[in-house]
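Data first, discussion second: the structure below is written as structure tokens.
Per chain, numbering begins at 1; letters A, B, ... match sequence-line order.
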There are 2 protein chains.
Amino acid sequence: MNQLITKQTNNQVQDILKRNQLSVTGSRKKILQLFLAQDGAIAHGDIEKRAGEKFDRVTVYRTLQTFVDKGIIHVIPTADNSIRYALCKDDCSEGHHQDHHVHFVCTQCNTTYCLDDIVIPELKLPKGYSSSHIEVVAEGICKNCKTPVHLP
Amino acid sequence: MNQLITKQTNNQVQDILKRNQLSVTGSRKKILQLFLAQDGAIAHGDIEKRAGEKFDRVTVYRTLQTFVDKGIIHVIPTADNSIRYALCKDDCSEGHHQDHHVHFVCTQCNTTYCLDDIVIPELKLPKGYSSSHIEVVAEGICKNCKTPVHLP
DNA sequence: TTTCTTTTGCAACCACGTTGCTTTTTATTA
DNA sequence: TAATAAAAAGCAACGTGGTTGCAAAAGAAA
Ligand SMILES: [Mn+2]
Ligand SMILES: [Mn+2]
Ligand SMILES: [Zn+2]
Ligand SMILES: [Zn+2]
């Protein structure tokens, strides 16, 4: 079964790389698999840990940069300066990211989620200020860490 | 006149340091003056440049850390990972920061402002998520960079 | 398989931040 | 004002995260 999933994922990985005109290499396959197997974002450190036994530090950096350039993943700003990445939706492409959405960091499991469907509300700025883009990061408890409610 | 301002500011600096039970030293005076003379936040790099000719790199780090600990300044999260600091309002004190406000980064002059009076609007999170704190950073044109309107 | 192009690994480097320790400065008290 | 104790500053050394140039290896195309 694990084998089956791997095969499926493998096709998906090949597909994404081909579609973006990237050659299929070990490092790219490995890192892309990490993203596909993950609900939410991954910190650079974790990627390096999980891919780093097999690949050089520099290769990991370059692979991630390539993916960002191609619009396959996007960078998520964090308060603690640890860089995180997450898969982009399909409407991103080379040089054209479309990743303006709210991010949610769970304070319990430390997972970062992209909340693509949440509307960023209007902000009443002071006189003279006008904003072109608003970055919102919410902190709290995620769906998986929520304390379950006992029904009577 | 410059002399007068300096004297006034000097008193203010002494006052802030005394109030927080900090000894009055060259580095602390210099760095605090930078903040008092500035509308908006200052990047660590700038502080180091403007105070660094006279003081050691390490001293600048330690001074800023002391100010943060005492609730004199607060750290501002930025997308580009350049750490910025701004003066806290009076309701911050040692170990008790009260700096939950919107930040505004001007894309023209690159100044970062603390918008203390802006209300952070409610966010409709997906089912299962609950947030305890929302970080908002708005990007755009500030009051000083706004294109002036010609009156007829 | 051969050839050309792209990617990788390695070594070296830089920027940023931290730590331990000694010297200097500040506050306190005589 | 001079002596003392406590705090801060300077220095050197180190760690981490990220970058660059170049030679070797792997991938794509033929
Ligand atoms: Mn996202
Ligand atoms: Mn602020
Ligand atoms: Zn969680
Ligand atoms: Zn501006």
Side-chain angles (χ1 to χ4, degrees), chain A residues 10-11 13-34 41-70 72-85 94 112, chain B residues 10-11 13-35 41-70 72-85 94:
Chain A
N10 211 41
N11 283 347
V13 164
Q14 294 249 350
D15 201 59
I16 294 173
L17 292 176
K18 290 268 172 68
R19 189 172 42 223
N20 288 279
Q21 298 159 62
L22 292 173
S23 46
V24 180
T25 71
S27 143
R28 287 173 184 167
K29 279 195 286 187
K30 174 69 185 176
I31 292 178
L32 208 39
Q33 271 161 13
L34 292 180
I42 320 182
H44 178 96
D46 285 336
I47 299 169
E48 207 172 303
K49 243 175 266 155
R50 293 200 256 163
E53 296 173 10
K54 201 136 183 297
F55 302 98
D56 192 83
R57 231 160 53 84
V58 179
T59 300
V60 174
Y61 278 106
R62 290 201 268 229
T63 302
L64 289 169
Q65 189 53 55
T66 301
F67 287 175
V68 171
D69 290 345
K70 288 289 186 179
I72 299 172
I73 61 177
H74 64 277
V75 182
I76 298 176
T78 58
D80 68 338
N81 273 6
S82 74
I83 296 181
R84 283 164 181 253
Y85 299 91
E94 181 150 15
T112 301
Chain B
N10 210 42
N11 283 347
V13 164
Q14 293 249 351
D15 201 59
I16 293 173
L17 293 176
K18 291 269 171 67
R19 189 173 43 224
N20 287 280
Q21 299 160 64
L22 292 174
S23 46
V24 180
T25 71
S27 143
R28 286 174 183 167
K29 280 196 285 187
K30 173 68 184 176
I31 292 178
L32 209 38
Q33 271 161 13
L34 292 179
F35 280 108
I42 320 182
H44 178 96
D46 285 337
I47 299 169
E48 207 172 303
K49 244 176 266 158
R50 311 216 320 247
E53 296 175 8
K54 202 138 182 297
F55 302 99
D56 192 84
R57 234 159 51 86
V58 179
T59 301
V60 173
Y61 278 105
R62 290 201 267 228
T63 302
L64 289 169
Q65 189 53 55
T66 302
F67 287 175
V68 170
D69 290 345
K70 288 289 186 177
I72 299 172
I73 61 176
H74 63 279
V75 182
I76 298 176
T78 59
D80 69 336
N81 272 7
S82 74
I83 297 180
R84 284 164 180 252
Y85 300 92
E94 181 149 14

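The distance from atom NZ of A:Lys30 to atom P of C:dG9 is 14 Å, rounded to the nearest whole Å. Rounded to whole Å, the distance from CD on B:Gln21 to P on C:dT28 is 11 Å. The nearest whole Å value for the distance from the CG atom in A:Asp69 to the P atom in C:dT7 is 11 Å. Going from atom CZ of A:Arg28 over to atom C1' of C:dT6 covers 8 Å, rounded to whole Å.
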**Request:** With side-chain contact (heavy atoms from CB on, under 4.5 Å) as the test, would you mind laying out the steps for A:Leu17 and A:Val13 before giving the verdict?
**Result:** CA-CA 6 Å; A:Leu17 292 176; A:Val13 164; 4.0 Å; yes
**Asked** Between A:Glu94 and A:Asn20, is a side-chain contact (heavy atoms from CB on, under 4.5 Å) present by the stated rule, with each step listed?
**Response** CA-CA 8 Å; A:Glu94 181 150 15; A:Asn20 288 279; 6.0 Å; no
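A salt bridge links B:Asp46 and B:Lys49; the closest N-O separation between the charged side-chain nitrogens and carboxylate oxygens is under 4.0 Å.
Backbone-only contact: B:Lys54 has heavy atoms under 4.0 Å from sugar-phosphate atoms and none from a base.
Not one side-chain nitrogen or oxygen of A:Thr59 sits closer than 4.0 Å to the OP1 or OP2 atom of C:dT7. For B:Ser23 and C:dA27, the shortest distance from a side-chain N or O to OP1 or OP2 is not below 4.0 Å. Proximity of A:Thr25 to the phosphate of C:dT8: a side-chain N or O atom is located under 4.0 Å from OP1 or OP2.
Rounded to 10 degrees, the angle separating the terminal axes of the helix from C:dT1-D:dA30 to C:dA30-D:dT1 is 30°, with each axis obtained from five end pairs.
Taking the six-membered ring where tryptophan is involved, the planes of B:Phe35 and B:Tyr85 are perpendicular, since the angle between them exceeds 60° and thus also 30°.
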Produce the list of close N/O pairs, under 3.5 Å, pairing protein atoms with atoms of nucleotides 14-21 of chain C; give distances to one decimal.
residue, atom, partner, partner atom, Å
C:dG17, OP2, B:Tyr61, OH, 2.6
C:dG17, O5', B:Tyr61, OH, 3.3
C:dG17, N7, B:Arg57, NH1, 3.1
C:dG17, N7, B:Arg57, NH2, 3.3
C:dG17, O6, B:Arg57, NH2, 3.0

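Side chains of A:Thr59 and A:Ser27: a donor-acceptor N/O pair is absent below 3.5 angstrom, by distance only.
The CD1 atom of B:Ile83 sits 9.5 Å away from the CG atom of B:Leu64 when rounded to the nearest 0.5 Å. Expressed to the nearest 0.5 Å, how far CZ of A:Arg50 lies from CD1 of A:Ile31 amounts to 11.0 Å.
Ranking D:dC11, D:dA9, C:dT8 by closeness to the A:Thr63 side chain, first place goes to C:dT8.
With A:Arg28 contributing its side chain and A:Ser23 its backbone, the two residues share a donor-acceptor pair below 3.5 Å.
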